[in-house]
Every structure is written in structure tokens, then in C-alpha cells.
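The structure under discussion is supplied below as C-alpha cells; questions concerning it will follow.
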Number of protein chains: 2
Amino acid sequence: MCANGTSAVTLRMLADQLGLHVSTVSRALHGTSDESGRAASPATVERIRRLATELDYRPNPHAASLRTRRSNLIGVLVPRLSDIVLAMIYEGIEEAAAEHDLSTFVANTRDLPEIQRIRTDMVLARRVDGMIFGDAYVDARFLGEVAARGVPFVLVNRRAGDLPSVTCNDHLGGRLLGEHLLELGHRDVAVVAGEPYASTGIDRTEGFVSAYAEAGIEIPPRRIVRSPFDATGGRAAAEQLLADGRPPSAIFAVNDFAAIGVLGALRDHGLHAGTDIAVAGFNDTPLAAELPVPLTTVRSPMHEMGRRGIELLVRLLRGEQVESEQLRPELVVRVSTTGALLGGGSSGSKQGVARTHLHPPA
Amino acid sequence: MCANGTSAVTLRMLADQLGLHVSTVSRALHGTSDESGRAASPATVERIRRLATELDYRPNPHAASLRTRRSNLIGVLVPRLSDIVLAMIYEGIEEAAAEHDLSTFVANTRDLPEIQRIRTDMVLARRVDGMIFGDAYVDARFLGEVAARGVPFVLVNRRAGDLPSVTCNDHLGGRLLGEHLLELGHRDVAVVAGEPYASTGIDRTEGFVSAYAEAGIEIPPRRIVRSPFDATGGRAAAEQLLADGRPPSAIFAVNDFAAIGVLGALRDHGLHAGTDIAVAGFNDTPLAAELPVPLTTVRSPMHEMGRRGIELLVRLLRGEQVESEQLRPELVVRVSTTGALLGGGSSGSKQGVARTHLHPPA
DNA sequence: GTTAGCGACCCAAACGTTCGGGTAACGTTC
DNA sequence: GAACGTTACCCGAACGTTTGGGTCGCTAAC
């Protein structure tokens, strides 16, 4: 009974009750004013509308989809929704989708190619009109196949090949952070670089490295370690960096969660983030500002990324050509990189805290 | 064209190609062995199966739903997916749903009653078979209406009235934490209690308070402050508690994120969590263990809660009677409450770290 | 006074399944 | 050899929309 109890009121019921034909009712209710104007007199349209709301008529989407071959459904794949970055992107997707009368389906793929395949098939079996992938592998092998099958889709968060995507300008973000650390005088720095298949980590790292390169400093390979995009991964990567005899004076983790792991590892080693070693993250997740040591990071417009993703997809569904978009990142400086400037010694109690948008000293 | 490009192969195509009737093909493919056995000879069934896979036949769910009046769709409402607790519960929901060949729809309500209404209507308009609410208000007013409309649903994470729900045993969780802090000798404690409409905060607080009451200690009202379930909320609540002349010796936040906010506030005041003031959270989110000061907390089986939610709903959809379930919480002791025991002075560098399942000193 | 045009509708065929009924042929059984 | 069961299918009516075409009566124009 489809969960709506008694209310199985159909177009036909309305039509019968009004002595009209079902098609007339359909047009009156759904066609935009021009269509419904052609279908019935204004008075009749009004009668129809009134009865529809009175009886609480709800169109049956299955019937409509069957007829029109459009489901108004969008499938969304993400590595995991419990990654707040993806969750926030998805919130943007959902919000924008609702504005376009689209519903979204989301599934977790855990970044595993086999699961990506399975989930994609499941989602397509539901006859979605289009898809959004938040878990693109940079090589675009699988996504190329999907594209070849004629499925309209866009990528968010990560880019791949020349498939249409909405990403943060990760290269620029990495560069901003590189410049920030350079200004603070850090020469020997390290990167916790994320997974090698994700464009986010790749581009952020590249941007960061190139900022240093332009300052004439080459970051040696042993200072760049890959890691999962979570706290555990960040911690492990930091351990690896600290195992080295001379630790770097600053660590850039390409993701806030990894940065939190770095913070934890530092503390295990009796080091103070911000004073002993500068730490920066990426994304400006809500937690970054609230951490015991507020985290310098790059704000990426996650919500907006989701919204733009839907926008692009909608245009794709209309048959328009679309261009990939890159959204502007914004550097957010906090104590985790400026602690040393603020007079907090390594014993570090009661030290000043700059929590939002502090700009680097000139 | 529903995103599947060329592949619009239908039952009729299979039937025509095999010289069979479409109903025969339908039964062969979908009825369980007894049904399909009745419908066609084993050899024919085999022929049908083979052709179906060869042509990559995918049943059209809209047509099936239209006919059967079952959509195999479940609507899920959560306050916000960017709350990792709900995201993890949803992961459990999605996983279990997939095992039952159900698809799920999720929507954010931001814990706002008007949006709960709107989203519920949207979800119902999609003709879901049932719903899962993760955003129940304890008063169950709105949910009572939904129940009255005959929609099958279950609650997860929060309970309300006597509606079927799957929750953590929050009362017990609060109690475990109370007993833990009592054992550590804390007499003057405070609670960051969450939102007054959420059973989670209510029950956890109550369990905690009752543990103290049984030890003959009454926690005064000014030591119990409500707050949003996020870091910002926790920070504000902690500020309020610290503004009091004599701060408590321990703070229990009913949610890990609020606890992180508390941690931040403490640091702003030059206080060390775990040594100066003990801090505990609830949920054991993945971050809790990785924080610079690893957080004592109560593990709530979030993933399992989601899974059980689907399990209950499935039984409800079969018309069975169901009972609410409470899952076991588990105390996880970390440095944020035991720091003082571990010899870390208030200057606090290079101190020992107990990260997982440390049990309180006997 | 025919016809063209238009307003306000109606008609009917889809869309792809499912499922309660056939039915014809082929044994068995008494 | 009549009655009865099976086996292996077929038939057709739904399910609730959408949409390309009518049609009928009326006014306006030539």
C-alpha cells in the first residue's frame, strides 16, 4: 500500500468526480500555465486544483516515470558518508536537487573499485536519470566505461580525465598553504599526501610543492608520504615522518582529518603543534576551528561543490554542453601554524588563540 | 532514456525472441524456484535465464512498483548527514537495506520540525514502503501523526513515546560514565546535556545523574547545561560552566563533538583536559581516539543501530509485531579522564598515552 | 453561407510489469 | 474409456500517468 495508508487518490478519481477526462485533469495539474490553459478553461482548472488539494492528490511517480522514461532520480556515489567532507558535499547536492524536483540516492563505495562497479549497477538499475560521482579515481578508467554507456554524470570533489567535474581549485589551495608556510620561514617541510588515486591529494600536494619550488626549495621525496584520508592514516604518516632523525618544521596534511591524526602523533612525541612543529590541514571542516589547537587549513566550498554538481548535471540532462568548474579555496590561518609567533613557549599553557581568518603577519 | 543508453530490453523483447509469453518469462525470472518451476520447464527457464543475461535484461522498477504497489524504497530522515554519528548509522542502514534489496533515500531535516514535515511529505510522495527517522523529538507529536497516517516506520538513535525504535542504551551509557568518574574521585561534575528534545541527551544525562545520586551526590541544576550536539555548542556550554567561579573537576558531554568543543574551551582557559579537568564524551566516533588528548567516551554501536533499524522495519513491512531494541554501550577510557593518574603534570609534555580500552584503576 | 480558427475538452494508446485465471496435451488410475 | 492430475504454457486485465491526436460547438471572416 506504499506507506500512504488510505490516500491512493488517482487522476482518474479526480476526473470521475469532476465529470472530466483524466487527460484533462493531468494537463491542468501538471502542464505549466500555457499547457493547462490549452487543456481546460480557467474555471475548470481552478475546480480541478481545488479538488486535488482537497483530496490530497499525490501523483504516482512510478506511473509517471514508466510513461515518461524519466525518473527524476539522481544516483550519488561517495567513498563514505561518514567522511564529513563528502557528507557536506552531499548536503549541497541534496539541497540543490530538491530545488530542481529531483531526488537523490546515495551509496557508499569505500573507494573500492569493485564496490564502485556494484553500486553503479545498483543505482542504474533504479533507472536514475543521471549520476554524481564523489569517488573518482584519477585514471578515469571505470568512469570512462560508464560514460561510454551513455550515462550522464558529473564528478564532484575529485576530477578525472576530462570528465565534467566540480572541484575545489586544489592546486591553488596547496599553493596558498605553501606560501603561508614559506612566509613563516619554514624551509624543511613535509606533506601527508593522501591516496595516490585521488586528484584532491595529488593536486594539493602539487600546488604546495610548486610554491616551494618557486622559492627555490625542493621538497625531497622522503618528506612526502601517502596516507588514507582519515585521522588514523594521518597519525601513521606522521609517525613515519617523525621516525626520521630530523623531523620537518612543518607538516601539511592534505585533509583536516589526516591533520588531526598528525596532531595526535605529535602529542605522543611530546611535541606541541603550532609551537614545535607547524601543522596545516585542508577543507576547513567544522572541527578545525574547535580543536584544542585550532587548525590552519584551506577552506574548500564543500556545500557549494555539491550544489554546483547538481547544477551541472541538470544542464547535462537538458542536453547542454558543460564545462568543469573549479571553486576558489581560501586560506584560514589559525594557531596550529602561528603558535610560535604568539609567544606560547613549549610548555604552552594559557596561550593566545586566534581562531578565525587570522592573516599571516606581513 | 533513463541513463541506461541502449539497454531498454524488456520482458516482452525476451518473450518475443523466445516465442514465449511475457508472463512466462516474468515468472521464470522472478518467482522463486517453486514459482518458476510451475511456470515453465526447467529447460525453458534455463533458456530464458540465458537470454536475459545475454541481453543484459534489467527489470524496470517503476513498472514493477506500479503494478505491485511496492517500491522497495525506504525513506530515511536525519538531522544532518554531516553529523558523523548519523552518517555512520546511515551507513548501517544502507548496508542492511541493500541486503534486503531495498534502496534508501536520505534527507536532512536539521532537526527543525517544519523541515521534518516537508521532507516527510517529499519522501512519502516518492511512495516509499516505509521510513526510518533518526531525528525523533522525544514528545512524538509529529511522529504520532505520521503513525496515524499508517506509514510503517521505525526510529533509530533516538526513541520517542512507545514508537518502535533502535537506540543505544543511553541511560546505561551515562551511568557507566558516572561510575567511572566516581571511581576517579570526582565529586563536583558537570554535564553538557545536549538538546532537550532529543532522547539521547536526556537519557545519557539521566543515567549519569542517577549514578551520582546512588553515590549520594546530587548534581545541582547549574552544573547541567543544554547545548547543540556539535563542537561549537560544546564550547559555548563549557564557557558557561567555566564562567562559574569554581569550575567542576570533570565534564561529561553527551556527544563526542560537544566534548571536542569542551576540550577547545578548556585550552582557551589554559586548562589541560585530563589533568586539570577530566572530560568525557559519548559515541566513540573515530576521531575520539585520535585527538591530541584522546577522549574517554562511551562506544555506541552506530553502524549496528542502522542495521537493526532496517531489520525491524523489514519485519514491520511483513506485518509482524516488533519490539524496540536497546543496544549495549561500552565504556572506553582514555587520557582525557585519566591524565592526572598518569603522572603528566599541568605543564604536560611527553606524557604517557593510553588510547584504547584502558580500564579504570581498581 | 461556407469555412477557418479556436476554445475546451475527450479518446486511446502506450510505458513494462504482475498475477489470477485459463487451456491443451499428455499421462494415470480405476 | 471416463475422470482426473499434471505439466507447460498463454491470455489479458490491471497499475496511474502522459501525450499525440481527435471532435464538437461557437464566433468571425470572406
Side-chain angles (χ1 to χ4, degrees), chain A residues 1-2 4 7-49 52 55-72 101 125-127 129, chain B residues 1-2 4 7-49 52 55-72 101 125-127 129:
Chain A
M1 91 196 64
C2 273
N4 42 354
S7 98
V9 35
T10 70
L11 279 187
R12 175 148 11 234
M13 288 185 195
L14 297 181
D16 288 354
Q17 211 154 131
L18 293 165
L20 290 170
H21 193 267
V22 54
S23 66
T24 309
V25 179
S26 171
R27 278 187 252 252
L29 289 176
H30 298 309
T32 43
S33 50
D34 48 324
E35 257 249 340
S36 56
R38 205 135 314 162
S41 69
T44 309
V45 171
E46 191 42 39
R47 276 203 309 150
I48 295 174
R49 291 241 165 87
L55 298 190
D56 194 31
Y57 165 72
R58 311 295 184 93
N60 183 319
H62 302 303
S65 297
L66 180 58
R67 178 65 234 252
T68 62
R69 290 135 166 289
R70 285 200 94 224
S71 59
N72 291 317
D101 277 312
R126 276 282 170 190
R127 297 297 212 269
D129 289 338
Chain B
M1 92 196 61
C2 275
N4 43 352
S7 98
V9 35
T10 70
L11 280 185
R12 177 150 8 236
M13 289 185 196
L14 297 182
D16 288 354
Q17 210 156 131
L18 292 164
L20 291 170
H21 192 265
V22 54
S23 65
T24 309
V25 179
S26 171
R27 280 186 250 252
L29 289 176
H30 298 308
T32 41
S33 50
D34 47 325
E35 256 249 341
S36 56
R38 205 135 314 162
S41 70
T44 309
V45 170
E46 192 41 39
R47 275 203 311 149
I48 295 175
R49 292 242 166 86
L55 298 190
D56 194 29
Y57 164 72
R58 310 293 183 95
N60 183 319
H62 303 302
S65 296
L66 180 59
R67 177 67 235 253
T68 60
R69 291 134 165 289
R70 284 201 94 223
S71 59
N72 292 316
D101 276 312
R126 276 283 170 192
R127 298 295 212 270
D129 289 339

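Note that this is a predicted model, so its numbers are computed, not measured. Sequence lines set the chain letters: A, B, ... in the order given, protein chains first and strands last, and positions in each chain run from 1.
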Open item on the list: Could you tell me how far apart Glu46(A) (CD) and dA8(C) (P) are, to the nearest whole angstrom?
Closed with: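 My rounded result for the distance is 15 Å.
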Open item on the list: So, OP1 or OP2 of dC9(D): does either fall under 4.0 Å of a side-chain N or O from Ser41(B)?
Closed with: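 For dC9(D), OP1/OP2 do have a side-chain N/O of Ser41(B) under 4.0 Å.
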Task: Test log, rule side-chain contact (heavy atoms from CB on, under 4.5 Å), inputs Val45(A) and Arg49(A) - done: CA-CA 6 Å; Val45(A) 171; Arg49(A) 291 241 165 87; 3.5 Å; yes
Task: Length of the CD1-C1' vector between Ile48(B) and dA8(D), whole Å - done: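 Value for this atom pair: 11 Å.
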TODO: List the atom of Val9(A), the atom of Tyr57(A), and the distance in Å for their closest heavy-atom pair.
DONE: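 Looks like O-CD1, 3.2 Å.
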Task: Nearest heavy atoms of His62(B) and Arg127(A), plus distance in Å - done: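 Closest approach of His62(B) to Arg127(A), heavy atoms only: NE2-CB, 3.6 Å.
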- [ ] Determine the minimum heavy-atom distance between Ser65(A) and Ser71(A), stating which atoms define it.
- [x]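 Shortest heavy-atom separation between Ser65(A) and Ser71(A) comes out as OG-CA, 3.4 Å.
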Open item on the list: Applying side chain to side chain donor-acceptor pair (under 3.5 Å), can you list everything that pairs with Arg126(B), at least two apart in sequence or on another chain?
Closed with: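 Only Ser103(A) meet the side chain to side chain donor-acceptor pair (under 3.5 Å) criterion with Arg126(B).
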- [ ] Would you check if Leu14(A) and Gln17(A) make a side-chain contact, meaning some heavy-atom pair closer than 4.5 Å?
- [x]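 No, too far: nothing below the 4.5 Å cut-off.
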Task: Close side-chain approach of Leu18(A) and Arg47(A), heavy atoms under 4.5 Å - done: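 The answer is yes, as the side chains (C-beta and beyond) meet within the 4.5 Å cut-off.
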TODO: For Thr10(A) and Asn60(A), run side-chain contact (heavy atoms from CB on, under 4.5 Å): C-alpha distance rounded to whole Å, both residues' side-chain angles, the deciding distance at 0.1 Å, then the answer.
DONE: CA-CA 8 Å; Thr10(A) 70; Asn60(A) 183 319; over 6 Å; no
Open item on the list: Under a 3.5 Å cut-off for both contacts, is dC30(C) paired Watson-Crick or G-U wobble with anything, and if yes, with which nucleotide?
Closed with: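 Because both required distances fall under 3.5 Å, dC30(C) counts as paired with dG1(D).
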Close N/O contacts between protein and nucleotides 25-27 of chain D (under 3.5 Å):
none

Let me have the donor-acceptor pairs involving side chains of residues 21-29 of chain B, under 3.5 Å, with sequence neighbours excluded, atom names and distances please.
| residue | atom | partner | partner atom | Å |
| --- | --- | --- | --- | --- |
| His21(B) | ND1 | Ser23(B) | N | 3.0 |
| His21(B) | ND1 | Ser23(B) | OG | 2.9 |

- [ ] With sequence neighbours excluded, tell me which residues meet side chain to side chain donor-acceptor pair (under 3.5 Å) with Thr44(A).
- [x]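 So Thr44(A) forms a side chain to side chain donor-acceptor pair (under 3.5 Å) with Ser41(A).
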Open item on the list: Whole angstroms only, please: what is the CE-C1' distance between Met13(B) and dA14(C)?
Closed with: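 These atoms are roughly 14 Å apart.
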Task: Pairing residues for Ala64(B) by the side chain to side chain contact (heavy atoms under 4.5 Å, CB included) criterion, not counting sequence neighbours - done: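 For Ala64(B), no residue satisfies side chain to side chain contact (heavy atoms under 4.5 Å, CB included) once neighbours in sequence are set aside.
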Can you tabulate the close N/O pairs, meaning under 3.5 Å, that link protein atoms to atoms of nucleotides 24-28 of chain C?
none

- [ ] Summarise how protein sits on nucleotides 11-16 of chain D as a single string, 5' to 3': B when a protein heavy atom is under 4.0 Å from the base, S for sugar-phosphate-only contact, - for no contact.
- [x] BBBBBB
